[in-house]
S.K.: 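So that we are looking at the same thing, I have put the structure below in structure tokens.
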Amino acid sequence: MRVEYDASANMAYIYVVDRIGPGEAVRQVVAGEDTMALLDLDSQGRLLGIELFNARSRLHPDVLDSAEQIG
């Protein structure tokens with residue numbers, strides 16, 4: 001598992017698998033009533049990754065410190 005974090009957008013992406021190939025994520029599911037996250041699923045319904053909105057308030061600071069910084 002790895003985490004990418006874009007501080008300017010305050011968004012994080014948590015990869016559950018090492019790599020997500022083009023077209024592999026075929027479905028997105030909204031997680032949470034306030035649309036705090038989108039779950040990316042493959043064609044078998046398996047979780048590939050999680051796009052997390054407002055990441056600073058939702059992830060532990062240690063996770064953000066060790067995340068790959070993007071953006």
Side-chain angles (χ1 to χ4, degrees):
M1 183 175 82
R2 75 181 164 94
V3 178
E4 290 180 346
Y5 177 59
D6 182 341
S8 64
N10 192 19
M11 301 277 293
Y13 194 86
I14 302 166
Y15 288 84
V16 177
V17 297
D18 290 334
R19 183 179 166 281
I20 301 172
E24 192 173 353
V26 298
R27 187 169 156 224
Q28 284 191 321
V29 176
V30 175
E33 293 176 17
D34 61 352
T35 316
M36 61 185 246
L38 293 175
L39 308 178
D40 285 336
L41 306 173
D42 70 7
S43 61
Q44 302 297 311
R46 296 175 294 213
L47 181 64
L48 301 172
I50 304 164
E51 186 175 9
L52 190 61
F53 300 85
N54 199 15
R56 275 190 295 273
S57 68
R58 300 194 189 315
L59 291 176
H60 192 280
D62 290 347
V63 173
L64 295 177
D65 289 343
S66 64
E68 178 183 337
Q69 303 295 311
I70 60 171

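Any value given below was found using the heavy atoms of this structure, including those in side chains, with hydrogens, waters and symmetry copies removed.
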S.K.: Taking salt bridge (charged side-chain N to carboxylate O under 4.0 Å, His left out) as the cut-off, I'd like each qualifying pair that reaches into residues 46-55, sequence neighbours left out, listed once.
M.R.: Asp42-Arg46
S.K.: Given a cutoff of under 4.5 Å between side-chain heavy atoms of I, L, V, M, F, W and Y, with clusters grown through shared members, what are the other residues clustered with Leu39?
M.R.: Met1, Val3, Tyr5, Ile14, Val16, Val29, Leu41, Leu47, Ile50, Leu52, Leu59, Val63, Leu64
S.K.: Which atom pair, heavy atoms only, marks the closest approach of Met36 to Ala31?
M.R.: CG-O, 3.5 Å
S.K.: I need the full list of salt bridge (charged side-chain N to carboxylate O under 4.0 Å, His left out) pairs touching residues 61-71, with sequence neighbours left out, sorted by first then second residue.
M.R.: Arg2-Glu68
S.K.: Residues in salt bridge (charged side-chain N to carboxylate O under 4.0 Å, His left out) with Asp6, at least two apart?
M.R.: none
S.K.: Can you give me every donor-acceptor pair (side chain of residues 17-27, partner residue at least two apart or in another chain, under 3.5 Å) with its distance?
M.R.:
unit_1 : atom_1 : unit_2 : atom_2 : d
Glu24  : OE1    : Gly21  : N      : 2.8

S.K.: Can you tell me which residue pairs pass the ring pair (Phe, Tyr, Trp, His ring centres under 6.0 Å) test with a partner in residues 15-34, sequence neighbours excluded?
M.R.: Tyr13-Tyr15
S.K.: For the backbone of Ala7 and the side chain of Arg56, can you confirm whether one donor and one acceptor N or O come within less than 3.5 Å of each other?
M.R.: yes
